[in-house]
There are 2 protein chains.
Amino acid sequence: MHAAVVSLHRQGPVHPQAQACARCELRRLALFGTLSEQALDCIHVHIAAQRLEPGQALYDIGQQAGALFTVRSGVVRLERVNASGERRVVRLAGRGDLIGLEALLKQPYGSTALASTPLEVCRIPRGLVAELSQSHVGLATALMQRWQHALAQAEEWLAELSMGPAQRRVLRLVHKLSQYAQGDEQQPWIWLPTRGDIGAMLNMSMETASRAISALRRQGVLLQVEPQRARLDLALLQATLRSDERG
Amino acid sequence: MHAAVVSLHRQGPVHPQAQACARCELRRLALFGTLSEQALDCIHVHIAAQRLEPGQALYDIGQQAGALFTVRSGVVRLERVNASGERRVVRLAGRGDLIGLEALLKQPYGSTALASTPLEVCRIPRGLVAELSQSHVGLATALMQRWQHALAQAEEWLAELSMGPAQRRVLRLVHKLSQYAQGDEQQPWIWLPTRGDIGAMLNMSMETASRAISALRRQGVLLQVEPQRARLDLALLQATLRSDERG
DNA sequence: CGGTTGATTGAGGCCCATCAATCCAGGTGG
DNA sequence: CCACCTGGATTGATGGGCCTCAATCAACCG
């Protein structure tokens, strides 16, 4: 049940975690990107790299939040279950995104975080951020930016992915998923969620989601559709989006 | 076009704004509630009370955000227009809520804020918060709490107000609106949005919204329905909600 | 190989969007 | 004072998009 925990501890005499974070290739994207090398030396608490398989939970809604997480690779979906027992995906997080900010306020998590693809994250204990923010005022601004980004994502979800006919919503979702693509070529491979998950994202039945994906394949927007991934004709996608928004 | 701006400047020798804020009946709700009286003395910048009529805009999406706002009374709706030109209400804000947090990050506003009822707000210039947060670390936490609250609201909107049949969504909206009610009696008067606005909140046509409101009147959940307000049978509402979520 | 899980496709029916007519309240001007 | 106009609310009729139920298919696995 527990995910593998890999320590980033370097075998060195002093401040080993600082070394690991300083060498992190995500540093400019991640929360501590604004901090100087000196500041990283202040890190005494353990940051742990964690690896999860699709379907595994990073945390559950209602849990007391002890840590926040930076996504190193893969995609996480944040879910809620409403009063009627229906599942709804409220946000996606990918490489460089920071989730679980509630931890900083000592609140329980506001949603369940589930790995949608193979996932690598860094677990950042609440105390570490508190410690650093004492001395480094810039960190507070960085955190607010993360919060604002999450808010903007949620509102975009409401405005773009929750309105209009099913076909259009799927089209927009595919567009959004293209930002998690591997290469930035003209026909990149994108991750495709489970049809049931697409339904939970776009508020439609999984059959409707399946039909919409099939339609995109027939239209040539998606090439080589496999259950969990597809190759995307980016130019045709954008053209279809434009004509769809017009008519 | 411009809303009336009423200065809270007290006629006194020193730090007049501090006096006004110290006397504010919303202070424990509002952003500066955590600050001491001493801290309020630091306020040198102008906070302006502002009054708006229903339909007037507090700010527009895309505008460079120069200030944030505390709602003193009334209800504000935050709207977006998506790529297809459809309008969507993404959040509501009432007494004590803080909106326009983007200002602190020097970003443009992420949505349009419109008065849904007669409205009183306090306009807080961006610089004031920056100034205060220099010396008072607690303010950063207060701000993060506001951000988290806004995020939770947006996600609740997605999970609760965007799923299920139209009748249920309207029922839940009415439940949410009851928190903006005047008295806390058993049959309070609540504000009812324009049917078109209900549609923009719940992603349905205004005709469907109207029919749902009419149904609530027939069921006795709403008594004395007027276009812009209604008297609510709170007990029956909660009973209907429970049975609706069950079946 | 049978069993399981998810995807796809079809058929039918219902919820809701759309179009349209009417009603109602408030404002304006003769 | 009343005719007229206007904007929003209400209610009806109709068609279509999507949900539901169901069968089939593909992939994986013990």
Side-chain angles (χ1 to χ4, degrees), chain A residues 53-56 77 84-89 114 116-117 161-174 190-219 221-230 244 247, chain B residues 53-56 77 82 84-88 114 116-117 161-174 190-219 221-230 244 247:
Chain A
E53 293 305 308
Q56 284 188 301
R77 65 179 190 274
S84 301
E86 301 162 302
R87 188 169 66 100
R88 180 86 201 238
V89 176
L114 293 152
S116 272
T117 69
L161 297 180
S162 299
M163 301 187 72
Q167 188 68 41
R168 177 183 302 163
R169 302 207 302 279
V170 172
L171 201 59
R172 293 201 177 136
L173 177 64
V174 168
I190 63 169
W191 156 67
L192 273 194
T194 292
R195 304 301 175 269
D197 286 346
I198 295 181
M201 293 177 194
L202 304 180
N203 193 24
M204 63 182 65
S205 71
M206 52 143 288
E207 291 91 338
T208 299
S210 175
R211 276 183 254 265
I213 294 292
S214 296
L216 289 184
R217 177 165 37 79
R218 283 191 295 273
Q219 295 167 19
V221 176
L222 292 182
L223 321 158
Q224 297 179 304
V225 176
E226 300 171 15
Q228 298 294 335
R229 64 173 200 158
D244 186 283
Chain B
E53 292 305 308
Q56 285 188 300
R77 65 177 189 275
N82 69 10
S84 301
E86 301 161 302
R87 188 169 66 98
R88 179 89 203 238
L114 293 152
S116 271
T117 68
L161 296 179
S162 300
M163 302 187 71
Q167 188 67 42
R168 177 182 302 163
R169 302 208 301 277
V170 172
L171 201 59
R172 292 199 177 138
L173 176 64
V174 168
I190 64 169
W191 157 67
L192 274 193
T194 293
R195 303 301 175 268
D197 286 346
I198 295 181
M201 293 176 194
L202 304 180
N203 192 26
M204 64 181 66
S205 71
M206 53 144 289
E207 292 90 338
T208 299
S210 174
R211 275 184 254 267
I213 294 292
S214 297
L216 288 184
R217 177 164 39 77
R218 283 192 296 274
Q219 295 167 20
V221 175
L222 293 181
L223 321 159
Q224 298 178 307
V225 176
E226 300 171 15
Q228 298 294 336
R229 64 173 199 157
D244 186 282

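So that the names make sense, note that chain A is the first sequence line, chain B the second, and so on, each numbered from 1.
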Margin query: I'd like to know if Glu207(B) reaches the base of dC16(C) with its side chain, counting only an N/O donor and acceptor under 3.5 Å.
Written below: no
Is [X] near enough to [N] that one of its side-chain N or O atoms lies under 4.0 angstrom from OP1 or OP2?
| X | N | result |
| --- | --- | --- |
| Ser214(B) | dT11(D) | yes |
| Thr208(B) | dA17(C) | yes |
| Arg211(B) | dT10(D) | no |

Rounded off to whole Å, could you give me the [atom1]-to-[atom2] distance for the [X] and [N] pair?
| X | N | atom1 | atom2 | answer |
| --- | --- | --- | --- | --- |
| Arg229(B) | dG8(D) | CZ | C1' | 18 Å |
| Leu192(B) | dT10(D) | CG | C1' | 14 Å |
| Glu226(A) | dA27(D) | CD | C1' | 12 Å |
| Met206(A) | dC18(D) | CE | P | 16 Å |
| Arg168(B) | dC19(D) | CZ | C1' | 14 Å |
| Leu202(A) | dC19(D) | CG | C1' | 15 Å |
| Met163(B) | dC16(C) | CE | C1' | 17 Å |
| Met204(A) | dC18(D) | CE | P | 7 Å |

Next item on the list: Decide yes or no on side-chain hydrogen bond (donor to acceptor under 3.5 Å, both in side chains) for Arg172(B) and Ser84(A), but give the supporting numbers first.
Entry: CA-CA 11 Å; Arg172(B) 292 199 177 138; Ser84(A) 301; 2.5 Å; yes
Note to self: Side chain of Ser205(A), heavy atoms from C-beta onward: which of dC19(D), dT9(C), dG6(C) has the nearest atom to it?
What the structure shows: dC19(D)
Check: Rounded to the nearest 0.5 Å, what separation is found between the CZ atom of Arg229(A) and the CD atom of Gln224(A)?
Finding: 8.0 Å
Checklist line | Pairwise distance CG(Leu173(B)) to CG(Leu202(B)) - rounded to 0.5 angstrom | finding: 5.0 Å
Notebook entry, point to check: Is the shortest side-chain N to carboxylate O distance from Asp197(B) to Arg87(B) below 4.0 Å?
Noted result: yes
Notebook entry, point to check: How far apart are the C-alpha atoms of Thr208(A) and Arg195(A), what are their side-chain angles, what is the distance that settles it, and do they pass the side-chain hydrogen bond (donor to acceptor under 3.5 Å, both in side chains) test?
Noted result: CA-CA 9 Å; Thr208(A) 299; Arg195(A) 304 301 175 269; over 6 Å; no
Notebook entry, point to check: If each of Asn203(A) and Pro227(A) is mapped to the nucleotide of DNA chain D with the nearest heavy atom, which maps nearer the 5' terminus, i.e. the 5' end?
Noted result: Asn203(A)
